[in-house]
Chemist: 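A single structure is presented below for examination.
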2 protein chains.
Amino acid sequence: MATIKDVAERVGVSVTTVSRVLNNRGYLSENLKRRVYEAMRELNYQPNELARSLFRKKSNIIGLIIPDISHPFFGEIARYVEYYAYKNKYKILLCNSQLNRSKEQEYLNMLKASQVDGIIMGSHTLDTKEFTKIDLPLVTLDRQLSESIPYVSADHYKGGVLAAKLLIRKGCRKIAHISGNLKLHLLAKTRYDGFMDTVIREKIPHVVVETDLNGFKYDQYGKIVENLFRDHPDIDGVFASSDVIAAQVLKECRRLGKEVPKDVKVVGFDGIKLGEYITPGLTTIRQPIKEIAKTSVQLLIDQINGKEVQRENILPVKLVEKETT
Amino acid sequence: MATIKDVAERVGVSVTTVSRVLNNRGYLSENLKRRVYEAMRELNYQPNELARSLFRKKSNIIGLIIPDISHPFFGEIARYVEYYAYKNKYKILLCNSQLNRSKEQEYLNMLKASQVDGIIMGSHTLDTKEFTKIDLPLVTLDRQLSESIPYVSADHYKGGVLAAKLLIRKGCRKIAHISGNLKLHLLAKTRYDGFMDTVIREKIPHVVVETDLNGFKYDQYGKIVENLFRDHPDIDGVFASSDVIAAQVLKECRRLGKEVPKDVKVVGFDGIKLGEYITPGLTTIRQPIKEIAKTSVQLLIDQINGKEVQRENILPVKLVEKETT
DNA sequence: AACCATATGTCAAGCGGTTAATATATGTGT
DNA sequence: ACACATATATTAACCGCTTGACATATGGTT
């Protein structure tokens, strides 16, 4: 690969001059610029970003840690994170933690060693201590981690309320909520709270299944739903904690001969494309995925630029009614 | 951030010595190693990978260019690419081209400037010339680009054959194939060939819709399917070029009052998780996504290490029969 | 006493850039 | 004639780390 020295030699100037053209500083004649750019093109030259980053102490790379890029929610998140990062001249280093503690830790170290300018965390199984040790601009996304780290998420509480209210309004007499891990995942807890506050206020019988599945073993949800309906055959409404799980519920309902929405009504959570692909169309609580991604990137870049940012960034959810309610 | 110099000072040795411990070269006493590692821990030191990469002329970064990470197929691909890259101590720089020519070109330049060790291309809208200009280890994935660049893909021809055969065996009398862009996408063409050779050999009436949709505008498929059934009401079998499109077909069938699989049988292509989430369960031609990713990574690393690699890497597909046939 | 493996040190150059300091030459307005 | 903006060059230091060359010291073999 051609270096700045090759360019300088070809033009017949010093590397300093070429560097000045590259960075557009000082006095530069049009003629000189033209000659330099021409030589760069001829040599197919690209400045070595490694060397630049080393000197500038800025890599223009953002680390993105998520549990699983193949999960549709994180796929859509990643798509928009990439979109907004690119717009701001940042690159994305992709890290899939698979919710594996040691992999998450290794990735955290790796990102630091790679001199990323900041990290967006959509996964965390580690203690807060590990994050403060990293000492890098940080934003958590769809996760609430500690008192000090800014986070971006949808309004899960409101989501729980909306889902419960809808099911009640549609005439459900006994509602199940399939929740995430309530201890580990603070946002799952607030969603649960929204749901509970509502069903209790309205005096609607309800049952909560806390799936302790640490991860994305979707095939196991069939069993969970089966048991749920076995123990509570009178359930006529289900609020699932994600659209993917809601899809599993629909599948299981069909297998058990329960018609949706006649016998059982189902509300999902996320608002991913999947909800549009399946039949019947899934009623869901839509998270503003694009805005979550946008805000996360913006908050991170603000931190990188030394600005103070707001800790709590909760974006509105929206009920999207389709055919399962 | 602590540097190697800080570590050296704390231990009371020279940076050369610390570097030697870091890289495990020359004679090193256990005692020295212990002291150095201890100081590193105390200072929370991580070697600066930028500096190392610059010196070594090796970044251990692989660029991954795909059209859209939120498309389930590429999401699953990316998940496994990341998995195998990580296993081999490589990091992934994620690039979403959105099938946008200029973004793809910019990313290509950016990756080169970033000194990635190689590129996996799952997207290409550019001419071969642009790629040869890059002069970097390269593998195309699910794409066939030129005579010289190694590619990894599923056996699309066989896929076309299997799908057609299945639909015929199930008694379909008129089969539609919704294909991709046959000029742009050589693999879509071979899949089409497999389909055509089979229906022609078996003398089955057929119709092909070539969707010129350059991208992933799925909502538009509803219209396409509607028109298809309007023009050919007697179609009783559909082979879609992806599972996502198959899902749209199912949705449209339902809207038009056509029962699947009774009135119309549907076969998808890809074998992504989506096929399991939807009801009825989608019959599809499964691409070995994990193996495609694994082979791509391996082929790229082999090239990085200066090995000669095979140009053509075609992996077997498998018919997965569910409820839509 | 000579030799060698072991263990550690110093020095300096190099990876590919950026930048500050300083020098020099030309044209231009006053 | 002087000041000043414009345009370019040279030199050297620096970013953080690696490496080769070379020096030195210790302990064990032969």
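The structure displayed is predicted, hence computed values, not measured ones. Both backbone and side-chain heavy atoms feed into the values below; hydrogens, waters and symmetry mates do not. Sequence lines set the chain letters: A, B, ... in the order given, protein chains first and strands last, and positions in each chain run from 1.
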Chemist: When you check the side-chain N and O atoms of B/Ser70 and B/Asp68, is any donor under 3.5 Å from an acceptor?
Modeler: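 The answer is yes; a qualifying pair exists.
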
Chemist: Do A/His71 and B/Arg79 pair up side chain to side chain, a donor and an acceptor below 3.5 Å, judged on atom types alone?
Modeler: no

Chemist: For the pair made of NZ in A/Lys5 and P in C/dG17, what is the distance, rounded to whole Å?
Modeler: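 Going from A/Lys5 (NZ) to C/dG17 (P), I get 12 Å.
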
Chemist: Give me the atom names and distance for the closest heavy-atom approach of A/Asn48 to B/Leu54.
Modeler: ND2-CD1, 3.9 Å

Chemist: If a pair satisfies ring-ring contact (aromatic ring centres under 6.0 Å, His included) and one of its residues is in residues 13-69 of chain A, list it, with sequence neighbours excluded.
Modeler: none

Chemist: Before you tell me yes or no, could you show the steps for B/Leu32 and B/Arg35 under side-chain contact (heavy atoms from CB on, under 4.5 Å), namely the whole-Å CA-CA distance, both residues' side-chain angles and the distance that decides it to 0.1 Å?
Modeler: CA-CA 5 Å; B/Leu32 175 70; B/Arg35 279 155 54 218; 4.2 Å; yes

Chemist: For B/Ser123 and B/Glu104, does a side-chain donor sit closer than 3.5 Å to a side-chain acceptor?
Modeler: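 Side chains of B/Ser123 and B/Glu104: pair found under 3.5 Å.
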
Chemist: Between A/Lys294 and A/Glu291, is there a side-chain N and carboxylate O pair less than 4.0 Å apart?
Modeler: no

Chemist: Show your working on ring pair (Phe, Tyr, Trp, His ring centres under 6.0 Å) between B/Tyr90 and B/Tyr84 and close with a plain yes or no.
Modeler: CA-CA 8 Å; B/Tyr90 280 89; B/Tyr84 289 108; over 10 Å; no

Chemist: Keeping the roles fixed (side chain from A/Ser114, backbone from A/Val116), state whether a donor-acceptor pair exists under 3.5 Å.
Modeler: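 Looks like no, no N/O pair under 3.5 Å.
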
Chemist: Atom CG of A/Leu50 and atom C1' of C/dG14: how far apart are they, to the nearest Å?
Modeler: 15 Å

Chemist: Just the table, please: protein N/O against nucleotides 2-6 of chain C N/O, every pair under 3.5 Å.
Modeler:
from	atom 1	to	atom 2	distance (Å)
C/dT6	OP2	B/Tyr27	OH	2.9

Chemist: Without decimals, in angstroms, what is the distance between A/Glu49 CD and C/dC15 P?
Modeler: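 Roughly 19 Å, once rounded to whole Å.
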
Chemist: Return the angle between end axes of the helix from C/dA1-D/dT30 to C/dT30-D/dA1, with five pairs used per end and rounding to 10°.
Modeler: 50°

Chemist: Given 3.5 Å as the limit, does a donor-acceptor pair link the side chain of B/Thr17 with the main chain of B/Val13, or not?
Modeler: no

Chemist: Return no unless some side-chain N or O of B/Lys33 is found under 4.0 Å from OP1 or OP2 of C/dA7.
Modeler: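 No, outside the criterion.
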
Chemist: Heavy atoms only, 4.0 Å cut-off, all strands: where does A/Thr3 land among base, sugar-phosphate and nothing?
Modeler: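 The residue A/Thr3 makes sugar-phosphate contact but no base contact.
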
Chemist: For a 4.0 angstrom threshold against heavy atoms of chain B, report the outermost contacting nucleotides of DNA chain D in 5' to 3' order.
Modeler: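 For DNA chain D, the relevant span reads D/dG16 to D/dG20.
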
Chemist: Heavy atoms under 4.0 Å, any strand shown: does A/Ser29 hit a base, just sugar-phosphate, or nothing?
Modeler: sugar-phosphate

Chemist: Would B/Glu49 and B/Arg52 satisfy salt bridge (Lys or Arg N to Asp or Glu O under 4.0 Å), going step by step from the backbone distance to the final call?
Modeler: CA-CA 5 Å; B/Glu49 285 298 328; B/Arg52 290 182 135 184; 3.5 Å; yes

Chemist: Between A/Asn100 and A/Ser102, is there a donor-acceptor pair closer than 3.5 Å when you use the side chain of the first and the backbone of the second?
Modeler: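 Yes, because the side chain of A/Asn100 sits within donor-acceptor range (under 3.5 Å) of the backbone of A/Ser102.
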
Chemist: Are A/Glu106 and A/Lys103 close enough, and set up right, to give a salt bridge (Lys or Arg N to Asp or Glu O under 4.0 Å), and what steps lead you there?
Modeler: CA-CA 5 Å; A/Glu106 277 180 51; A/Lys103 196 171 177 192; over 6 Å; no

Chemist: Figure out the CD/C1' separation between B/Glu9 and C/dT10, and round it to whole Å.
Modeler: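 For the pair B/Glu9 CD and C/dT10 C1', the rounded distance is 15 Å.
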
Chemist: For salt bridge (Lys or Arg N to Asp or Glu O under 4.0 Å), just list the numbers for A/Glu38 and A/Arg34, CA-CA rounded to whole Å, side-chain angles, deciding distance to a tenth of an Å, and then say yes or no.
Modeler: CA-CA 6 Å; A/Glu38 202 178 308; A/Arg34 200 183 30 72; 3.8 Å; yes

Chemist: Let's go through A/Ile120 and A/Ile66 carefully: what are the C-alpha distance in whole Å and the side-chain angles of both, what is the deciding distance for side-chain contact (heavy atoms from CB on, under 4.5 Å) to 0.1 Å, and is it a yes or a no?
Modeler: CA-CA 8 Å; A/Ile120 296 179; A/Ile66 52 182; over 6 Å; no

Chemist: Using a heavy-atom distance cut-off of less than 4.0 Å, which residues of residues 106-114 of chain B contact DNA chain C?
Modeler: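 Correct list: empty, so none.
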
Chemist: Where the side chain of B/Asn96 meets the backbone of B/Ile69, is there a donor-acceptor pair that is under 3.5 Å apart?
Modeler: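 Confirmed, B/Asn96 side chain pairs with B/Ile69 backbone.
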
Chemist: For nucleotides 18-22 of chain C, list the nitrogen or oxygen atoms of the protein found under 3.5 Å from its nitrogen or oxygen atoms, one pair per line.
Modeler:
from	atom 1	to	atom 2	distance (Å)
C/dT18	OP1	A/Asn23	OD1	3.4
C/dT18	OP1	A/Asn23	ND2	3.1
C/dT18	OP1	A/Arg52	NE	2.7
C/dT18	OP1	A/Arg52	NH2	3.1
C/dT18	OP2	A/Ser19	OG	2.7
C/dT18	OP2	A/Asn23	ND2	3.4
C/dT19	OP2	A/Arg25	NE	3.4
C/dT19	O4	A/Thr16	OG1	3.4

